[in-house]
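Here the structure is laid out as structure tokens; the discussion comes afterwards.
Chain naming here is simple, since letters A, B, ... match the order of the sequence lines and numbering starts at 1 in each.
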There are 2 protein chains.
Amino acid sequence: MIKNSEPTIHDIARELNISASTVSRALNDNPRISLKTKEKIKAVADAMGYRPNTLASNLRNKKSNTIGIVVPLINRHFFSSVISGAEDVAFKAGYNVVISQSNDLADKEINIVQSMFSNRVDGLIISIAMQTKTFDHLKIFRKKNIPLVFFDRAVPEIETDKIVVDDFAGGFRVTQHLIDQGYKRIAHLAGTQNLMAYFDRKKGYLDALRKNNIQFDESLVIINTLTSDEGVSAVQQLMALKNPPDAIFCGNDTTALSAMIFLRDKGIRIPQDIGIVGFSNEPFSKVVSPSISTIAQPGFQMGQKAAELIIRQIETKERTYQTIVLPTELIVRESSSRRSFQ
Amino acid sequence: MIKNSEPTIHDIARELNISASTVSRALNDNPRISLKTKEKIKAVADAMGYRPNTLASNLRNKKSNTIGIVVPLINRHFFSSVISGAEDVAFKAGYNVVISQSNDLADKEINIVQSMFSNRVDGLIISIAMQTKTFDHLKIFRKKNIPLVFFDRAVPEIETDKIVVDDFAGGFRVTQHLIDQGYKRIAHLAGTQNLMAYFDRKKGYLDALRKNNIQFDESLVIINTLTSDEGVSAVQQLMALKNPPDAIFCGNDTTALSAMIFLRDKGIRIPQDIGIVGFSNEPFSKVVSPSISTIAQPGFQMGQKAAELIIRQIETKERTYQTIVLPTELIVRESSSRRSFQ
DNA sequence: GTGAAAGCGCTAACAA
DNA sequence: TTGTTAGCGCTTTCAC
């Protein structure tokens, strides 16, 4: 809302007794304008404090130079990393980034996405809300041929670029690592199985057991929503078994930490008595004591990649969609390094 | 970049053999349009999958319905909390939010701010970059009467709404707490003093020393940009003094942590030999061992408040600026609880 | 209650 | 190399 209305190219034109189109061209470094004229124009523009009105330019060009990003919650390390990476790439490529959070609510997500459409974003990067069950608000982007990229949580039935992490390999690697460290009874604290990510992590766990000829024991798998408190109650339940585990693969770092603290307070040594591995590499995992072994998910890279893909979709007509599975990385820290104590 | 060009109000108008202005009015619920016409129009709009082009509307209205937010780094807990709070309030009030990160670089900040100005944001919420030394790019907002709100790191010489935490009280409280715990030589690892926040924290530190009749020793204050590495080198420098400190008030939690790890590796006990307090209450501070005493800053609330203030500036002509000082809270944890060891 | 016309600030085809 | 003109999609004054 500009009060003392801003100078426009017409003001500059009038000042110099030339046409607005010449000014426009000069300011955009059009080669058809002579150097002298350009310099004159730029000097006057500077003097008048001229700033181009991108709104007008965007309307004219039918391009907003804006990329929309929708995440469940901005204030979560993984998502803010993704945003940070995407913003970085987008800004360097001359795009603005508008961000909204769905709070994992389907209604707010629909609302946001429609608003972004009205704002004519050039493309949309989204990780869908947990609650979202219908996808018409997203299908419309495909139908209208507006670039769309999913990350982390994708919609299987919508064909477009997707970037996910390899949860299966992550789960497998964690389990294999624990076996390699000499742990025999490995429990798994799993997340709700309707989310692909948690489902795949568990599948990796099961696969690793099978490959190592370890009999699967159902009582060693506990499924919940992986809050800090649930980590504690799950461990209590596991330790109450007649044959308790000697290692726990926790579905996330939060439960790994709460489990670890609970066990430590009970006088159980980590990793000597029980090995612990988490998932996601939260910032705290590295700095707690003992430090928590975990799986790193490359959030920043994911954001960079998502931005690259959407910009590719925006700037080329190519429509060969890919699903990029970013590798997970096992970070071995103290909480599972039993070998170093032997 | 719309391919199959979107339906406009003219398309709707043609369909119904009425004028575009009537359609516009109907869609905006203008009372001068009869209910019947409105319903007819809305029905057709729906059927055609019409979505208003906010770009055009914004250009015409000279209002972008967008609030810009600039933070040093999105991927930092405090800042992402602020963004989350601001986004929440802004979205509910019908505003979009565009976000950029300066990476604490003055050049990028200037670049971003100019770009936001070009995009005609209705208002700007910003925490300035550490490196920023000149403020012309921000003064222009005031000059042009575009709403501007500072949070966390404000520019004293620019008069506008500001939301800060009570850094002075925070610094004072930390220092007094250390004194109460029996520490005698308290060092301060300070941030660059052109930033009010760090300046005030140091002022609080100095004031507490004075009030307790403790002689200020200049060699105990080190000023840098508070990165993890600088935390280490600062501590090295402090411990190399002929009369090293027995407590360190670190300007943020990051340096508190790196300092702590460095000291621990040198065999120095925390808090028995040296007490440590940080600032900002990063998520990791609670879970590291020993846990780090710190000052909590209400990030989410700050964001909400900032959004409220900017919307108030946007929607009213009132220009009575306020500086809101949000209270800080001292959180005492293990790293400074020496008394419990005596 | 509805329409005609002008214009927000910019760009680009066409002309000169 | 520069100017003329039209128009992006919307809102709004003025007329009826």
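B/D11 has its CG atom 10 Å from the P atom of D/dC8, to the nearest Å. For the pair B/H10 NE2 and D/dT11 P, the computed distance is 11 Å after rounding to whole Å. Rounded to a whole Å, the CG atom of A/N65 is 11 Å from the P atom of C/dT11. Between the NZ atom of B/K62 and the P atom of C/dC10 there is a distance of 10 Å, given to the nearest Å. One can place CG of A/N28 at 8 Å from P of C/dA12, the figure rounded to the nearest angstrom. The distance between atom CG of B/N17 and atom P of C/dA4, rounded to the nearest whole Å, is 11 Å. In this entry the distance linking CE of B/M48 with P of D/dG9 reads 12 Å, nearest Å. Rounded to an integer number of Å, the gap from B/L27 CG to D/dT12 C1' is 16 Å.
For B/R32 against C/dT2, a side-chain N or O and a base N or O form a donor-acceptor pair under 3.5 Å. Remark: the A/R60 side chain and the D/dG9 base include no donor-acceptor N/O pair separated by less than 3.5 Å. One donor-acceptor pair, N or O on each side, does fall under 3.5 Å between the base of D/dT4 and the side chain of A/S21.
When each of D/dT11, D/dT2, C/dG9 is scored by its nearest atom to the side-chain atoms of B/L59, the top-ranked nucleotide is C/dG9. Here the nucleotide nearest the side chain of B/A56, chosen from C/dT11, D/dT12, D/dG9, is D/dG9. The listed nucleotides are C/dT11, C/dG9, C/dT2; the one nearest the side chain of A/I9 is C/dT11. When the nucleotides D/dG3, C/dG1, C/dC10 are ranked by their closest atom to the side chain of A/N53, C/dC10 comes out on top. Closest contact between the side chain of A/T22 and the listed nucleotides D/dC10, D/dT2, C/dT2 involves D/dT2. Nearest nucleotide to the A/Y50 side chain, out of C/dG9, C/dC10, D/dT11: C/dC10. Set against C/dT11, D/dT13, D/dG3, the side chain of B/R25 has D/dT13 as its closest nucleotide.
Within the 4.0 Å cut-off from OP1 or OP2 of D/dT11, at least one side-chain nitrogen or oxygen of B/S24 is found. Not one side-chain nitrogen or oxygen of A/S57 sits closer than 4.0 Å to the OP1 or OP2 atom of C/dC10. Taking only side-chain nitrogens and oxygens, A/N58 never comes nearer than 4.0 Å to OP1 or OP2 of C/dC10. Taking only side-chain nitrogens and oxygens, B/N61 comes nearer than 4.0 Å to OP1 or OP2 of D/dT12.
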**Item:** Worked verdict on B/D29 versus B/K42 for side-chain contact (heavy atoms from CB on, under 4.5 Å)
**Value:** CA-CA 10 Å; B/D29 259 338; B/K42 284 179 182 166; 3.1 Å; yes
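Salt bridge annotation for B/E109-B/R153: absent, with no cationic side-chain nitrogen under 4.0 angstrom from a carboxylate oxygen. A salt bridge between A/D161 and A/K305 is absent, with no side-chain N of the basic residue lying under 4.0 Å from a carboxylate O of the acidic one. Classification of A/R51 and A/E6 as a salt-bridged pair fails, no side-chain N sitting under 4.0 Å from a carboxylate O.
Among the protein residues, A/I18 comes within range of the sugar-phosphate backbone only, with heavy atoms under 4.0 Å from sugar or phosphate atoms but none that close to a base. Looking at heavy-atom distances under 4.0 Å, B/S34 makes contact with sugar-phosphate atoms alone, never a base. Using a 4.0 Å heavy-atom criterion, one finds that B/T37 contacts the sugar-phosphate atoms exclusively.
The shortest heavy-atom contact between A/L148 and A/T160 is O-OG1, 2.5 Å.
Both tests do not hold together for A/R319 against A/Y321: distance to the six-membered ring centre under 6.0 Å, angle to the ring axis within 45°.
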